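In each ligand, atom 1 is the first atom listed, and ligand 1 is the first ligand listed. Because the structure is a prediction, the values reported are computed rather than measured. As a basis for the values below, the full set of heavy atoms in this structure was taken, side chains included, without hydrogen atoms, waters or symmetry mates.
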Amino acid sequence: MKKRVFSGIQPSGHLHLGNYLGSIRNWVRDLDSHDNIFCVVDQHAITVDYDPAVLRSNVRELVGLYLACGLEPDKCCLFVQSHIPEHTELAWLLTCVTPMGWLERMTQFKDKVGAKRERAGTGLFTYPTLMAADILLYRTHEVPVGNDQKQHVELTRDIAERFNRKFGEVFIVPEPVIAAVGARIMGLDDPTAKMSKSAPGDHHSIGLLDDLKKIRKTIMRAVTDSEQSIVFDPARAGLFNLLSIYQALTGQEQAEIETHFAGKGYGDLKKQVAEVVIAEIEPIQARYRELTADPTYIDGVLADSVDQLRPIVDATMDEVRRAMGHR
Ligand code: TYM
């Protein structure tokens, strides 16, 4: 039996190269060897201030990009979280077995709210239990994510184990799967900050649907340092980030890349990084335009997936409700 994979992305902005290298690209690579479920997690995107019309459009854009990046609908289920209401039902049940202290340890919450903790929505605080529900609902074995989501998947494991101890072996305890290269792409304008959908700045991220000229410009302007040698040195964050992008997209070894760039300057490196990024993104943009020309196609894919997922959801929820004494 193939292992089941579940992962998701928030439609809280435009998909960027970090999301692609840290997640989608790895999902596409493993499509044939796994049983695959991918979600657009729109209920996570309402944990911060948002505009409903923008959310609606971001959801469609993200589904179109999932398909354009190579998530073929006959090899995976692609769906929108809010189309399966059991995500929020299970999230509530899991919230009731999750100690406050576990959520208080989540670094992403602390980073996101900063000093404005008192004003943050409760949903932002309990968000990791919704993420646990997403994963556990499908009896997932593996969760391929970028580095920043590892802590949430580990929390999911803790919640599953606690639930199973208390109520019986209902859940599979999932493993996080983090790629060796590309799991933490940094902002091009500030290589000390993770590339993010919500960061301000025109030249911070590389959007998968950005104009190709803009992508080239953003890479050529990327912040580096004033040294000369082109080597993988994590202490030289800007250079390390560019080299990691190059490594993730070419699949070459670090030593091979260092030899290739020996004696060359940052200008050359940036040009070549831009070439490999554009070579990857250009065909995705072309497929995106084709696929989204017919909006009914996307609706059909989403509806078929929900139909396929329904028996899994019903079976898990039946067991959970019985185990917890609701039936
Ligand atoms: P989100 O929407 O922030 O990010 C989607 C995926 O992209 C990865 N990622 C990155 N990888 C490399 N470099 C970066 N700069 C970078 N930024 C983001 C993330 O690690 C993630 O894999 N909570 C999740 C969404 C979610 C989910 C789930 C994921 C909800 N339920 C269940 C897996 C399983 C999130 O906010 O990801």
Side-chain angles (χ1 to χ4, degrees), residues 4-28 36-48 50 55 58-59 61-62 65-66 69 71 79-82 84 87-88 90-91 94 103 106-109 111-112 123-124 126-157 159-160 174-199 204-208 237 240-241 244-245 247-249:
R4 180 166 294 151
V5 156
F6 180 98
S7 200
I9 299 182
Q10 291 197 44
S12 52
H14 301 293
L15 196 77
H16 57 65
L17 188 67
N19 300 132
Y20 179 72
L21 295 178
S23 64
I24 298 194
R25 195 177 69 128
N26 309 312
W27 311 347
V28 173
N36 311 285
I37 307 176
F38 301 114
C39 184
V40 170
V41 290
D42 57 344
Q43 287 163 326
H44 284 270
I46 63 171
T47 53
V48 291
Y50 77 102
L55 177 65
N58 283 348
V59 167
E61 180 178 301
L62 190 49
L65 276 169
Y66 273 9
C69 288
L71 295 176
F79 75 107
V80 179
Q81 187 183 32
S82 61
I84 299 193
H87 284 251
T88 46
L90 183 56
L94 297 179
L103 294 178
M106 295 297 109
T107 54
Q108 202 173 55
F109 175 73
D111 292 347
K112 273 201 176 170
L124 192 63
T126 58
Y127 145 125
T129 56
L130 178 59
M131 177 158 164
D134 301 338
I135 297 167
L136 299 179
L137 185 56
Y138 300 95
R139 318 226 194 200
T140 304
H141 300 102
E142 293 181 3
V143 187
V145 282
N147 202 42
D148 62 335
Q149 294 300 321
K150 189 163 180 244
Q151 194 185 35
H152 292 155
V153 182
E154 280 162 357
L155 176 81
T156 303
R157 290 174 58 84
I159 294 174
E175 301 281 344
V177 179
I178 317 269
V181 183
R184 190 170 172 81
I185 300 297
M186 309 306 280
L188 291 165
D189 57 349
D190 174 8
T192 63
K194 187 187 67 172
M195 187 178 284
S196 124
K197 293 186 214 99
S198 53
H204 164 80
S205 75
I206 293 174
L208 256 58
F240 190 83
N241 193 35
S244 300
I245 293 172
Q247 187 186 9
L249 289 172

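Heavy-atom minimum distance, I9 versus Y66: N-OH, 3.2 Å.
Looking at residues two or more places apart in sequence or on another chain, you find no side chain to side chain donor-acceptor pair (under 3.5 Å) involving Q43. With sequence neighbours excluded, the residues satisfying side chain to side chain donor-acceptor pair (under 3.5 Å) with S196 are S198.
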Task: From CA spacing to verdict: side chain to side chain contact (heavy atoms under 4.5 Å, CB included), E175, V153 - done: CA-CA 7 Å; E175 301 281 344; V153 182; over 6 Å; no

Side chains of residues 179-186: which donor-acceptor partners sit under 3.5 Å, not counting sequence neighbours?
none

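Using a 4.0 Å heavy-atom criterion, the residues that approach ligand 1 are F6, S7, G8, I9, Q10, H16, G18, N19, G22, S23, V41, H44, Y127, M131, D134, I135, V143, V145, G146, D148, Q149, G182, A183, R184, I185, K194, M195, K197.
Below 30°, between 30° and 60°, or above 60°: for Y127 and H44 the angle between ring planes is above 60°, a perpendicular geometry.
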